[in-house]
Amino acid sequence: MNEKLLKPYNPKETEERIYKLWEDSGFFNPNKTLDPKATPFTLIMPPTNANGSLHAGHGLVMTIEDIMVRYKRMRGFKTLWLPGLDHAGFETQVVYEKKLEKEGRTRFGMDPKELYKEILDFTLTNSKNIKSQIKKMGASCDWSREKFTLDDDVIKTVHQTFKRMYNDNLIYRGNKIVSWCPKHQTSFSDLEIKDEERIDSLYYLKYGPFTIATSRPETKFGDKYVVMHPEDARYKNYTEGQKIKLEWINGPIEATVLKDEAIDMEFGTGVMTITPWHDTADFEIAERHKIEKEQVIDENGKLLPIAGEFTGEHIKKARPLIIEKLQKKGLVEKIDENYKHVVRTCYKCGTLIEPQIKSQWFIKMKPLAEKALEKINSGEIVYIPEHYKKITVHWLSNIMDWNISRQIVWGIPIPAKICAKCGHGMADLGNTIKKCDKCSGEVIQDKDTFDTWFSSGQWPFVTLGYPDSPDFKTFYPTDVMETAGEIIFFWVSRMIMLGLYITGKVPFKTVYLHGLVLDAKGLKMSKSKGNVIDPLVLTEKYGTDAFRMGMVVGNTPGTSLALAEDRIRGYKNFANKIWNVTRFVLDNTKDADNFDPKNYDEEDAKSEEELSSLMKEITKEMDEFKFYIVAEKLYHYFWHTFADIIIERSKKKILENKNADSAKILIYRHLNILLKALHPFMPFVTEEIWSMMPNKNKSLLLIATWPNQND
RNA sequence: GCGCGAUUAGCUCAGUUGGUUAGAGCAUCUCAUUUACACUGAGAGGGUCGCAGGUUCGAAUCCUGCAUCGCGCACCA
């Protein structure tokens, strides 16, 4: 017997060696498959952000996906799990900006090329680290096909997609109101915004004969239009277009009356003035009435010359000064200091979003969403858990155009020229456009980069080498997309739309969404709370197999998981239990090879049958993605039936030499089958034990056949 | 406001199409100690399944309403 078995199982000594064994075997690559004609199974790994190290959420991803992949490989599929890394545009830039801040530097004023190079170096350094961490998790992915979102071929395909959508009129350059973060100096899509409830003051101001209510007096300098509902009886004497002279913040102005149905007669006085440059609703009213729009606040959150004496003042400081002035002029009727409302903030830094009118690239989402809805509603894409389908359908049915321009350097450059004269935008892949095709004006290169989700939204077909690669033909559409429920809109839904648009096929057949990993108390992990759990600390302490079991047992899809160290400790004991059982079994079955299971005594025959029906049961559950229950059943059966009952029973038979052969072959076969079944969950300890088994065929457990039938 | 979840043992959660006495892990308590394994074994306690109705021979499960918590979306100045 192997001497290692005499000591407790030692993951540290085992894991690296085993991983190397697998990697060197070449079986992570589906090209080396036992049956080249086997049905493919494809899973694309969500590209890991290359701006830090693995967190607990990644631990969950690697665990669940590796379980799927190992299972399919053992079932004989030509299995591809394609790993990738994400430059993660804005996310990474934010991380890097914080690093700069610590060094007393800032991105503003830096040479963009220099900044880009620095972030690239930073990312490449992190990539190495992250890759080795993914390997520590036991991920059996095909490293030979690894992709990075800034690889040349990825950029090329993304550029072609841009051009194609531009030609198809699905991408346009528009002067529209966008969400602008004054701290990060970039615009966002509607998804990068976080709503936050706040209590502020609501100011009731005298505006000529009217009283208007506002929570943002600092925007009101340019308000020259006063709007009311056309059916509001209180204001029936005022007519559309009527001019009214009145005294305002910085002196007398002439206001114009507008009537618009967007006005809520119930709110405040039923009258408001509009600031089209800095408010979405006001912008729409202005568009409808075709009136001019004027910028009041600049990109840094400071007031422009329209504010007169307040010019250059930051809006935060200006507000009380403006109110003070208005009070002196007798224009403040009252202040409600308990006004509860929702403001929009930057999801990263919490800074108040300042809506601004900007010229940006937008994707028309409606036509794309309609096609996606068709496929989702017809069941071509299955959602696990199912309720995510409803959420997706709801979002797709109310979709807004997607702003894909970002004013940051870290990303894929937008291949486009902008006319300096008329602002017209043109897609330009080969850098060939020299003059505006509308007004013949001078053109300049667009300096913006793509929203990172525009490129990762193309991930399934980009990674497989669309359109000509053999891989694309073999492995697309992929089978499963496994990712966090959090990014269902950001990523999953956009992949469906872009995948359908470019390839005409759904990018994946099943969407499996996992929940958040929370700390032991069920709180969201965050650096500020100091409750972040590093998965690598846990694997170091308890072994990767134990960590993986802790991640998967009882963790139903879509539900968040409270990660308690106790759980993982329990599975460390389990790994050792398997180890010790092996010691007993191998010690007692040296001469049992020739016994025929047909000659079992009655109770052993029953046990054999019980195990085989358990295998049928869990095979079905594996196919239904119910890993949480399979892991638990295997744990329970191994420990409390195999070890506690069957082995205890066998001791007596072997010792007293009564039906000893029956007992020996039963425990040997049990161990054999259970090692295979446990392999997807606990790959290291099972592979290590497998190598000690006196099997005739000494191939790796990695490619052993799943024991679903009579094995 | 609209939508989506959740509510089951002290804690974290399972519970498949309605069907015996509602399960697991951890925690707690009692007992065991020459053995594969103390990283152990045997056993125990602990739940009016959020509340109120309804459907049914039968409901944790299906329907309606309510409450609490969480999330998403849209918004009113």
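Throughout, protein chains are lettered first and strands after them, A, B, ... in sequence-line order, and every chain is numbered starting at 1. It should be emphasised that the depicted structure is a prediction, and the values quoted were computed from it without experimental measurement.
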Per-nucleotide protein contact along nucleotides 4-9 of chain B, 5' to 3', at a 4.0 Å heavy-atom cut-off (B base, S sugar-phosphate only, - neither), is SS----

If we count only N and O atoms by modelled type, under 3.5 Å, do the side chains of [X] and [Y] hold a donor and an acceptor together?
| X | Y | result |
| --- | --- | --- |
| A:Ser607 | A:Arg649 | yes |
| A:Glu294 | A:Trp277 | no |
| A:Asp260 | A:His229 | no |
| A:Asn555 | A:His514 | no |

Under the rule of Watson-Crick or G-U wobble with both distances under 3.5 Å, where | means paired to another strand and [ ] a crossing pair, RNA chain B maps to (((((((..((((.....[...)))).(((((.......))))).....(((((..]....))))))))))))....

Atom [atom1], compared across [N] and [M]: separation rounded to whole Å:
| N | M | atom1 | result |
| --- | --- | --- | --- |
| B:rU64 | B:rU40 | P | 48 Å |
| B:rC51 | B:rA74 | P | 36 Å |
| B:rG43 | B:rG5 | P | 42 Å |
| B:rC26 | B:rA67 | C1' | 31 Å |
| B:rA59 | B:rU8 | C1' | 14 Å |
| B:rG46 | B:rU21 | C1' | 16 Å |
| B:rA6 | B:rG15 | C1' | 15 Å |
| B:rC11 | B:rA27 | C1' | 7 Å |

Query raised in the report: When you measure from the centre of the six-membered ring of A:Tyr383, is the NZ or CZ of A:Lys389 under 6.0 Å away and within 45° of the axis?
Result: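 So A:Lys389 doesn't make the cation-pi contact.
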
Cation-pi geometry met for A:Lys176 and A:Phe362 (6.0 Å, 45°):
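Yes, A:Lys176 and A:Phe362 form such a contact.
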
By the 4.0 Å heavy-atom rule, please label [X] as base, sugar-phosphate, or nothing.
| X | answer |
| --- | --- |
| A:Ala262 | nothing |
| A:Tyr628 | sugar-phosphate |
| A:Tyr339 | sugar-phosphate |
| A:Tyr9 | nothing |
| A:Met228 | nothing |
| A:Thr280 | nothing |

Using atom [atom1] of [X] as one end and atom [atom2] of [N] as the other, report the distance to the nearest whole Å.
| X | N | atom1 | atom2 | answer |
| --- | --- | --- | --- | --- |
| A:Phe490 | B:rG72 | CZ | C1' | 12 Å |
| A:Ile263 | B:rC75 | CD1 | C1' | 13 Å |
| A:Phe574 | B:rG41 | CZ | P | 12 Å |
| A:Ile488 | B:rC73 | CD1 | C1' | 14 Å |
| A:Ile193 | B:rC73 | CD1 | P | 10 Å |
| A:Asn398 | B:rG3 | CG | C1' | 10 Å |
| A:Glu197 | B:rC76 | CD | C1' | 14 Å |
| A:Ile199 | B:rC76 | CD1 | P | 19 Å |

Check whether the ring centres of A:Phe547 and A:Tyr571 lie less than 6.0 Å apart, and answer yes or no.
no

Check: For the residue pair A:Tyr238 and A:Phe210, is the inter-centroid distance of their aromatic rings smaller than 6.0 Å?
Finding: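 Close enough - the centres of the two rings lie under 6.0 Å apart.
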
Comparing nearest nucleotides in RNA chain B, the 5'-proximal residue of the pair A:Asp190, A:Trp639 is A:Trp639

Closest nucleotide of RNA chain B for A:Val581 versus for A:Lys626: which of these residues is on the 5' side?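 Upstream on the strand: A:Lys626.
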
Q | Positive for ring-ring contact (aromatic ring centres under 6.0 Å, His included) with A:His670, one of A:Tyr637, A:Phe638, A:Phe584 | A |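 The option that passes is A:Tyr637.
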
Taking B:rA36, B:rC76, B:rA42 as options, the one with an atom nearest any side-chain atom of A:Asp644 is B:rA42

Practice prompt. State which of B:rC39, B:rA14, B:rC75 makes the closest approach to the side chain of A:Asn573.
Written response: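 Nearest nucleotide to the side chain: B:rC39.
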
What's the verdict on salt bridge (charged side-chain N to carboxylate O under 4.0 Å, His left out) for A:Glu192 and A:Lys348, showing C-alpha distance, side-chain angles and the deciding distance? CA-CA 8 Å; A:Glu192 279 93 1; A:Lys348 268 292 151 197; over 6 Å; no

### Query
Is A:Glu648 side chain donor-acceptor paired with the B:rA36 base, going by distance under 3.5 Å alone?
yes

- Message: Against A:Ile353, only a single residue in A:Tyr347, A:Trp180, A:Phe188 fulfils side-chain contact (heavy atoms from CB on, under 4.5 Å); can you say which?
- Response: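 Per the side-chain contact (heavy atoms from CB on, under 4.5 Å) rule, the option paired with A:Ile353 is A:Phe188, out of A:Tyr347, A:Trp180, A:Phe188.
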
Requested in this report: Examine distances only and state if a side-chain atom of A:Asn657 and a backbone atom of A:Lys653 form a donor-acceptor pair shorter than 3.5 Å.
Outcome: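 Flag not set: sc A:Asn657 to bb A:Lys653 has no pair under 3.5 Å.
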
With sequence neighbours left out, the residues meeting side-chain contact (heavy atoms from CB on, under 4.5 Å) with A:Ala318 are A:Leu303, A:Glu313, A:Ile322

All N/O pairs under 3.5 Å across the protein-nucleotides 25-32 of chain B interface:
{"unit_1": "B:rC26", "atom_1": "O2'", "unit_2": "A:Asp566", "atom_2": "OD2", "d": "3.3"}

(Q) Please evaluate residues A:Ser201 and A:Glu337 with respect to the criterion side chain to side chain donor-acceptor pair (under 3.5 Å), reporting the C-alpha separation (whole Å), side-chain torsions for both, the decisive distance (0.1 Å), and the verdict. (A) CA-CA 4 Å; A:Ser201 293; A:Glu337 284 174 355; 4.9 Å; no

Enumerate, atom names and distances included, each donor-acceptor pair closer than 3.5 Å involving a side-chain atom of residues 218-226 of chain A, sequence neighbours excluded.
{"unit_1": "A:Glu218", "atom_1": "OE1", "unit_2": "A:Arg319", "atom_2": "NE", "d": "3.0"}
{"unit_1": "A:Glu218", "atom_1": "OE2", "unit_2": "A:Arg216", "atom_2": "NE", "d": "3.4"}
{"unit_1": "A:Glu218", "atom_1": "OE2", "unit_2": "A:Arg319", "atom_2": "NH2", "d": "3.1"}
{"unit_1": "A:Thr219", "atom_1": "OG1", "unit_2": "A:Arg216", "atom_2": "O", "d": "2.9"}
{"unit_1": "A:Lys220", "atom_1": "NZ", "unit_2": "A:Asp223", "atom_2": "OD2", "d": "2.8"}
{"unit_1": "A:Lys220", "atom_1": "NZ", "unit_2": "A:Thr273", "atom_2": "OG1", "d": "3.3"}
{"unit_1": "A:Asp223", "atom_1": "OD1", "unit_2": "A:Thr275", "atom_2": "OG1", "d": "3.0"}
{"unit_1": "A:Asp223", "atom_1": "OD2", "unit_2": "A:Thr273", "atom_2": "OG1", "d": "2.7"}
{"unit_1": "A:Asp223", "atom_1": "OD2", "unit_2": "A:Thr275", "atom_2": "OG1", "d": "3.2"}
{"unit_1": "A:Tyr225", "atom_1": "OH", "unit_2": "A:Glu292", "atom_2": "OE1", "d": "3.1"}

Under a 4.0 Å heavy-atom cutoff, the residues of residues 545-560 of chain A touching RNA chain B are A:Gly554, A:Thr556, A:Thr559, A:Ser560

With a cut-off of less than 4.0 Å, is there a side-chain N or O of A:Lys577 near OP1 or OP2 of B:rG41? yes

Between the side chains of A:Asp623 and A:Lys626, is the shortest nitrogen-to-carboxylate-oxygen separation below 4.0 Å, so that they form an ion pair?
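Not counted as a salt bridge, because no side-chain N and carboxylate O are separated by less than 4.0 Å.
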
